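One structure below.
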Amino acid sequence: MVRVRFAPSPTGPLHMGGVRTALFNYLFARKNQGTMILRIEDTDQGRFVPGAEEYIMESLAWCGIEIDEGIKEGGKFGPYRQSDRKAIYRQYSDQLIESGWAYYAFDTPEELDRIRQEGMKAEGQEGKEKEEKSERQAFAYDTVTRMSLRNSLTLPAEEVRSLLASGASFVVRFKMPENHEIIMQDIIRGEVRVSTTTIDDKVLFKSDGMPTYHLANVVDDHLMEITHVIRGEEWLPSLPLHVMLYKAFGWTDTMPQFAHLPLILKPSGNGKLSKRDGDKLGFPVFPINWNNPETNEVYSGYREAGYFDDAFVNILALLGWNDGTDKEIYSMDELIEAFSLERVGKSGSRFDPEKAKWFNHQYMLLKSNEEIAERFLDELSTLDKGPRVREDDRKGLGTEEDDKNDSTMPEEEWDRVVKIVSLVKERAEFVKDIWSQSWFFFEAPTTYDESVIKKRWTPEMPAILKEIINLLSPFFVIPAEAGTLSLTTELEESEPLIATEYEKLIKDYITSNSLNMGSVMNILRLCLVGSSMGPGVFDIMELLGPDEVVARIERAAEVIS
RNA sequence: GGCCCGUUCGUCUAGGGGUUAGGACGUCAGAUUUUCAUUCUGGUAGCAGGGGUUCGAUUCCCCUACGGGCUACCA
């Protein structure tokens, strides 16, 4: 039975690299009918950030990453928050001391800092004689230095006992064996060997009574019966320690398998993508908006930037993984089906925001017009733009509950929006682009592109436009003389013109009068849209209806000439 | 500095001892179109360098370079 965990620390928002780690855990779990666990690693009380835990859960939920065991979901291996498991760790720390794998250390952080400083100076002087630029050897609490520091290895047993009894502050350190080669297996990287002489005596248990990541992680993974540890490459350097810990506890037989994922790098410049990048890079690094409770700053997320949840997951999945085919668009189910850790690459990947947009565009095309229309209307209601939905109708529009297409919107209006979406979505990357591609369906242009006028407008144009108006007037929905009147009865009686009928009407007129197709069409577009953009002129006419088309032509002719 | 990991077009990547080194994004050009865009077609561009091993290395090994990670009583 496969059991994996995603174990973030609630020190702030999760960034996209963290989400990808969660995703790979999830895909692996589902692929193997295993269990996905969310464990909150909050052993550093100093770095606790309010709201981060909720943020993590909401982000994963948005991505469709389902948790089987966790704080909210429960499970037999709880609690799932390390601060709630505090009582557990002490006994394991004690166990290691009893078995000689760990020891008490009484050096204060200040003392150690001072030693580090001095070491730097001493090395610097020494280095001067040899090589000016030689860097100092960083101090390490290790197999050689530990014998000259204040700990239960150097102090008389008596003194250790009285120190502990007096409540002196202490930490527990792992006693890294000397000169031992640790051979590790990583699913992604293969065999990794490290000599223990290069590893220092890591703190396992802090003076505040909490374990460090290393202890908590190993103890919890063991207790929670984790079978595979899938985490970022930044943990690879501590793998030897963890492996030694399993050995020290006598848990080698049930030690999980490890897979260290390559990192996601910034698109330009150096380094891995980091939380601190915030919005500096010109694209979001967070899955959903993050409101920093300390500064009240808001950092943008993919959700709010307009990315579809499935597109975002797809983008993440292909950062460092592929199934060996040319396929690039995957649903979550397809990802689960195709996923394997063996096909995760070894090298870090730079994130390409341009390609991310392309992915979103692909999902735009894939989704139904109705789904896009709903999102579009939601977007418009927050922008306070768009269809002339009456005030009382609009009330029903923005509310969260209203998932199905807005019942308060008249059906013809809804159909019209869907039609508009179908016309412009192929040229949109995000739902918000749909407005900039289609606003002229909802409001008449007030300005007219000068360059088009300059290029296409001729003295004969007013007469030509007049002729076109005459061509269309027989199809008015609202008779010119009538005032406000009931349009329902009129609508039922006359079928509105469709695009091909407009096309025939106008093209016939143009050819029979041997006019220039390009000029007339472009001027027509200019009248309707105000510039040279948008879908086919006849499609625009169909959706606008003859009354509006004529009104716009009249207004444009007046303004331009 | 030390330890560890990595290195195929600008980017994401496939491939793997003998290939015209494949795809995608981007970019450029052409075609289509009444416009912008889409779309289509085509082009551009890559095995970090040096040594081995081998009949033959981009592929295997070593070194160097470069990139990245870690080096806290943070995770």
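Model, not experiment: these values are computed from the prediction. Throughout, protein chains are lettered first and strands after them, A, B, ... in sequence-line order, and every chain is numbered starting at 1.
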Inset, instruction - Nearest whole angstrom, please: distance from the P of B/C12 to the CG of A/Leu273. - result: 13 Å
Inset, instruction - Mark yes or no for whether A/Arg20, through its side chain, and A/Leu316, through its backbone, hold a donor-acceptor pair below 3.5 Å. - result: no
Inset, instruction - Would you mind classifying the nucleic acid contact of A/Val192 as base, sugar-phosphate or nothing, using non-hydrogen atoms under 4.0 angstrom? - result: sugar-phosphate
Inset, instruction - Identify, with sequence neighbours excluded, every residue that meets salt bridge (charged side-chain N to carboxylate O under 4.0 Å, His left out) alongside A/Arg343. - result: none
Inset, instruction - Classify the ring geometry between A/His260 and A/Phe258 as parallel (under 30°), tilted (30 to 60°) or perpendicular (over 60°). - result: parallel
Considering only nitrogen or oxygen atoms on both sides, find all protein atoms under 3.5 Å from nucleotides 70-74 of chain B and state each distance.
| from | atom 1 | to | atom 2 | distance (Å) |
| --- | --- | --- | --- | --- |
| B/C70 | OP1 | A/Lys272 | NZ | 3.4 |
| B/C73 | OP2 | A/Arg173 | NH2 | 3.2 |
| B/C73 | O2 | A/Ser207 | N | 2.8 |
| B/C73 | O2 | A/Ser207 | OG | 2.6 |
| B/C73 | N3 | A/Ser207 | OG | 3.0 |
| B/C73 | N4 | A/Asp107 | O | 3.0 |
| B/C73 | N4 | A/Pro109 | N | 3.4 |
| B/C74 | OP2 | A/Lys206 | NZ | 3.1 |
| B/C74 | O2' | A/Asp44 | OD2 | 2.9 |
| B/C74 | O2' | A/Arg47 | NE | 3.3 |
| B/C74 | O2' | A/Arg47 | NH2 | 3.2 |
| B/C74 | O2 | A/Arg47 | NH1 | 3.4 |
| B/C74 | O2 | A/Arg47 | NH2 | 2.9 |

Legend entry - Nearest-Å distance for atom pair CG/P, residues A/Asn322 and B/C12: 13 Å
Inset, instruction - Take the protein atom CG of A/Asp326 and the nucleotide atom P of B/U13, then report the distance between them rounded to whole Å. - result: 15 Å
Inset, instruction - Over 60° means perpendicular and under 30° means parallel, so classify the ring planes of A/Tyr307 and A/Phe430, tilted if in between. - result: perpendicular
Legend entry - A/Arg427 (side chain) and B/C36 (base): donor-acceptor pair under 3.5 Å: yes
Legend entry - Any-strand Watson-Crick or G-U partner of B/A75, both distances under 3.5 Å: none
Inset, instruction - Go through the side-chain N and O atoms of A/Ser238 and A/Lys202 and say whether any donor and acceptor fall under 3.5 Å apart. - result: no
Inset, instruction - Kindly assign one of parallel, tilted or perpendicular to the pair A/Tyr330 and A/Trp321, based on the angle between their ring planes and the thresholds 30° and 60°. - result: perpendicular
Legend entry - Sole residue of A/Arg146, A/Lys175, A/Arg173 in side chain to side chain donor-acceptor pair (under 3.5 Å) with A/Asp201: A/Arg146
Output a table of nitrogen or oxygen pairs between the protein and nucleotides 43-50 of chain B separated by less than 3.5 Å.
none

Inset, instruction - Could you let me know what B/C25 is paired to, Watson-Crick or G-U wobble, both distances under 3.5 Å, or none if it's on its own? - result: B/G10
Inset, instruction - Would you indicate what A/Gly320 reaches in the nucleic acid, counting non-hydrogen atoms under 4.0 angstrom: base, sugar-phosphate, or nothing? - result: sugar-phosphate
Inset, instruction - Without swapping roles, check the side chain of A/Asp42 against the backbone of A/Ser83 for a donor-acceptor pair under 3.5 Å. - result: yes
